[in-house]
Amino acid sequence: MMVSAKAPLIRRRRWFPSRTFYSAAQTEMELVGGGSTQLEMDLGEPAPQNRQRIIPAPAPEPADQGDLFGYLAESPEPTPQIEFDGMAKPVFAVRLADGREARFQHAGSLLESLESQDIHIEYQCREGYCGSCRMKLREGHVHYTTEPMAWIDDDEILPCCCIPVTPLLLQ
Amino acid sequence: MSTDTGMAYTTFNRNEFDTFSQPMFFGELVNVARYDQQKHKIFENLIEKQLSFFWRPEEVDLASDRKDFMDLPEHEKHIFVSNLKYQTLLDSVQGRSPNVALLPVVSLPELETWIETWSFSETIHSRSYTHIVRNIVPNPAVVFDDITKNEYIVRRAESVTRYYDDFINLSNYYIQLGEGTHTVNGETVEVTLRELKRRLYLTLVSVNVLEAIRFYVSFACSFAFAERAKMEGNAKIIKLIARDEALHLTGTQHMLQIIAAGKDDAEFAEIARECRDDVVAIFTEAAEQEKGWAEYLFKDGSMIGLNKDILCQYVEYITNQRIGALGFEPVFPARNNPLPWINAWLNSDNVQVAPQEAEISSYLVGAIDSEVDTADFGDFDL
């Protein structure tokens, strides 16, 4: 051990007890009928079999009908991020050579954005390795969120793993 | 390396050479399996992806498939079992042939390992067919024994294996005798590197067709069953197989495109240009055979959601797609995907994974959280 007396003492990080999170369903009040909880066993009291509990009726939730119209991909995600004035996500026009038009703003990938605006592109893996969604990029630039693995020509893009950084013209 | 006595295969080449100056095939034989220097990094990426895809057939529960199968009408049983036989044939070929054909002539370590990884994953597919067959019939032999007898399967086996066999045949002479005109058992054998490269190129095209088109008729049928909530365990296995095949297809497309672009061998690029008509012929022949197969599948009746005509249109559509990916013009009239619902089945996002794996596609076993935040140093005393 070659420890110099003058060497600064560096203590290891102290141990902190880990915090435990309980999901809402794990509180005693919500264990309805049937089960005896740990707490009850500790008290030595058998749980009454048909104990009546007043459970507040859950607030009626709107039935989740899924992404009926496919708008979710092009609507902003719920995020705790602070929105600054004038800092809205930029919108890029995406045009196709056959005249169809779309706009890209919030979607995770160009493919998702197009699909949500009813422009259906052939796809398979959606992560850049199969090349099924390959399209020709006539104008503009894209940024790849995942490095594409499939073979693509210099003038081609994989919309499943990129987002536009300028307005685009695709074929 | 190619001397008068041929290129004499050695399992550990003692020559010193610069790996970046080597072509993919027919250069120096690989010696050290090292991945710090990579001429084509894509093959390393493919290996990593393939390893992250690892699965075992036994993980998929097929309990409900047994009952589903017994309830199927006879003509649908025929469709299901025939496809299984054909897929078994294809993966039997692919589980060994890339190794036998390509490993003796490969010159880059990352490509060598990709070929081995690729072949290995095909053996998983083969094992999964036994898993499926065991589950639906009391005696699996009745299915497997028919594969070498059934004329519809044998006919296609011939064109699947022809290019491999032609290449391996000549490659063996090359390794033993080198280039030149040789007399073997009284027969004259002409060995030239150019002809070898031509046969290798055509073999890769034929493998590309196998992975890109031949599998998809079977895939379509399996997913059509599952769309009706029948044979769903089988469809889960096919989904995993389809995910692997899409990756293999990408691997072969890269090899073909690297060759065609002349990126590591000018002569090879020239051969690729000369073979353009052969490529179209191989794709067209395969598409016609698959359409013939669709006819055989539905000879006793269609299945709900799929018939001979739609399947034939799908073959034409997918042939255009795949040949387009190699930079060729479509061979059939352009059309939209006649089976658009199949994309959702082919999408690997929907492959069921364990919760701990759900966040990242390549789940790292025993990963250590190496992220350090400034807050971590908050209680350091100096």
Side-chain angles (χ1 to χ4, degrees), chain A residues 3-18 23 66-67 70 73 96-98 100 107-109 111-112 114-115 118-136 144-161 171, chain B residues 41-46 48-50 52-53 208 211-212 216 219 239 242-258 260-261 317-318 320-322 324-327 336-337 340 342-351 360-362 372 375-382:
Chain A
V3 181
S4 155
K6 284 181 183 170
L9 177 69
I10 300 174
R11 251 183 267 144
R12 286 197 59 111
R13 188 180 174 182
R14 284 188 215 101
W15 181 79
F16 291 102
S18 62
S23 76
D67 192 8
L96 273 80
D98 59 11
R100 286 180 293 176
S109 71
L111 181 65
E112 280 176 25
L114 291 174
E115 284 174 344
D118 243 3
I119 298 177
H120 293 281
I121 312 292
E122 190 65 16
Y123 71 88
Q124 185 169 336
C125 73
R126 303 180 80 95
E127 41 184 300
Y129 66 80
C130 78
S132 295
C133 61
R134 155 184 309 114
M135 293 181 96
K136 277 212 171 5
Y144 280 103
T145 48
T146 319
E147 189 192 347
M149 215 181 270
W151 172 274
I152 37 173
D153 235 327
D154 295 338
D155 61 343
E156 288 177 330
I157 57 161
L158 291 183
C160 71
C161 55
Q171 191 178 7
Chain B
K41 189 175 177 297
I42 179 65
F43 296 114
E44 172 80 357
N45 295 349
L46 289 166
E48 279 177 14
K49 198 79 180 168
Q50 183 67 69
S52 79
F53 284 173
N208 186 261
E211 288 159 342
Y216 280 77
F219 290 169
K239 237 170 122 85
R243 180 176 71 167
D244 290 340
E245 290 307 333
L247 196 64
H248 303 165
L249 176 61
T250 292
T252 325
Q253 281 174 353
H254 273 282
M255 285 182 223
L256 289 169
Q257 295 279 24
I258 291 170
Y317 165 79
I318 207 157
N320 283 350
Q321 290 276 314
R322 305 307 195 201
L326 294 178
N336 286 329
N337 187 352
I342 219 170
N343 289 342
W345 284 97
L346 290 170
N347 174 15
S348 56
D349 272 6
N350 299 333
V351 173
I360 39 172
S361 65
S362 48
V372 181
D376 292 334
F377 297 102
D379 57 338
F380 267 48
D381 295 328
L382 292 177

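We use all heavy atoms of the structure for the numbers below, so side chains are in, but hydrogens, waters and symmetry mates are not. In this text, all values refer to a predicted model and were calculated from it rather than measured experimentally. Lettering follows sequence order; numbering is per chain, from 1.
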Side-chain donor-acceptor contacts of residues 145-160 of chain A below 3.5 Å, not counting sequence neighbours, with atom names and distances?
| unit_1 | atom_1 | unit_2 | atom_2 | d |
| --- | --- | --- | --- | --- |
| Thr145(A) | OG1 | Cys161(A) | O | 3.1 |
| Glu156(A) | OE1 | Asp153(A) | N | 2.9 |

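In this structure, the portions of Leu247(B) lying under 4.5 Å from any heavy atom of chain A include both its backbone and its side chain. For a residue to count as touching a neighbouring chain, one of its non-hydrogen atoms must lie under 4.5 Å from one of that chain's; by this rule Phe43(B) does not touch chain A. For chain A, the nearby part of Asn337(B) is the side chain; its heavy atoms alone come within less than 4.5 Å. Of the two parts of Leu46(B), the backbone and the side chain both hold a non-hydrogen atom closer than 4.5 Å to a non-hydrogen atom of chain A.
Contact count versus chain A (heavy atoms, under 4.5 Å) is highest, among His254(B), Gln253(B), Glu245(B), for His254(B). The greatest number of non-hydrogen atom pairs below 4.5 Å with chain B, out of Glu122(A), His120(A), Arg134(A), is found for Glu122(A).
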>> Apply salt bridge (charged side-chain N to carboxylate O under 4.0 Å, His left out) to residues Arg243(B) and Glu127(A) and explain how you reach the verdict.
In response: CA-CA 11 Å; Arg243(B) 180 176 71 167; Glu127(A) 41 184 300; over 6 Å; no
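Note: Leu249(B) CG to Arg322(B) CZ = 5.5 Å, rounded to the nearest 0.5 Å. The distance from atom CZ of Arg126(A) to atom CG of Leu111(A), rounded to the nearest 0.5 Å, is 4.5 Å.
Every ring-ring contact (aromatic ring centres under 6.0 Å, His included) that Tyr216(B) has, sequence neighbours left out, goes to Phe219(B).
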